[in-house]
A.B. asks: 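I am attaching a structure below and will ask some questions about it afterwards.
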Amino acid sequence: MDYQENDKFSMPMGLSFQLGLNERALTAYASLNDEEKQQVVEAARNVRSKAEMRRIVAGLEQNFC
């Protein structure tokens, strides 16, 4: 696997930080399949503010079963 392929699976720092602050969202993220995780990571890469990142993480928490 080259760097570019590996990079697409790396989590943005802001997402990692926000998940670390929200145990329920982290648990929800961990329960996602690889494709769903990739969608969350891609959404996080397009974030332009902390508020947007918080909304992504809050969405994970809300979908927690």
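Numbers for residues simply follow the sequence, beginning at 1.
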A.B. asks: Looking only at heavy atoms, which two atoms of Asn46 and Glu52 are closest? And how far apart?
C.D. replies: O-OE1, 4.5 Å

A.B. asks: With distance as the sole test, does Thr27 use its side chain to make a donor-acceptor pair with the main-chain N or O of Glu23 at under 3.5 Å?
C.D. replies: yes

A.B. asks: When rounded to the nearest 0.5 angstrom, what distance separates NZ in Lys50 from CZ in Arg55?
C.D. replies: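 Between Lys50 NZ and Arg55 CZ, I get 14.0 Å after rounding to 0.5 Å.
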
A.B. asks: Are Leu26 and Leu32 connected into the same hydrophobic cluster when the rule is that any two of I, L, V, M, F, W, Y join if their side-chain heavy atoms are below 4.5 Å apart?
C.D. replies: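 Leu32 and Leu26: one cluster.
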
A.B. asks: What closest approach, in Å, do Val41 and Ser10 show between heavy atoms, and which atom pair accounts for it?
C.D. replies: CG1-O, 3.5 Å

A.B. asks: To the nearest 0.5 Å, what is the distance between CE (Met13) and CD (Gln18)?
C.D. replies: 13.0 Å

A.B. asks: Has Glu42 got a side-chain atom pairing as donor or acceptor with Gln38's backbone, closer than 3.5 angstrom?
C.D. replies: no

A.B. asks: If I compare all heavy atoms of Glu61 with all of Asn22, which pair ends up nearest, and what's the gap?
C.D. replies: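 Scanning both residues, the minimum pair turns out to be OE1-ND2, 3.0 Å.
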
A.B. asks: What pair of heavy atoms forms the shortest contact from Tyr29 to Lys37, and how long is it?
C.D. replies: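 Where Tyr29 meets Lys37 most closely, the heavy atoms are O-CE, 3.2 Å.
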
A.B. asks: Show the nearest heavy-atom pair for residues Leu19 and Leu60, with the distance to one decimal.
C.D. replies: CD2-CD1, 3.9 Å

A.B. asks: Could you list the residues that satisfy side-chain contact (heavy atoms from CB on, under 4.5 Å) with Asn33, not counting sequence neighbours?
C.D. replies: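 side-chain contact (heavy atoms from CB on, under 4.5 Å) list for Asn33, sorted by chain: Glu35, Glu36.
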
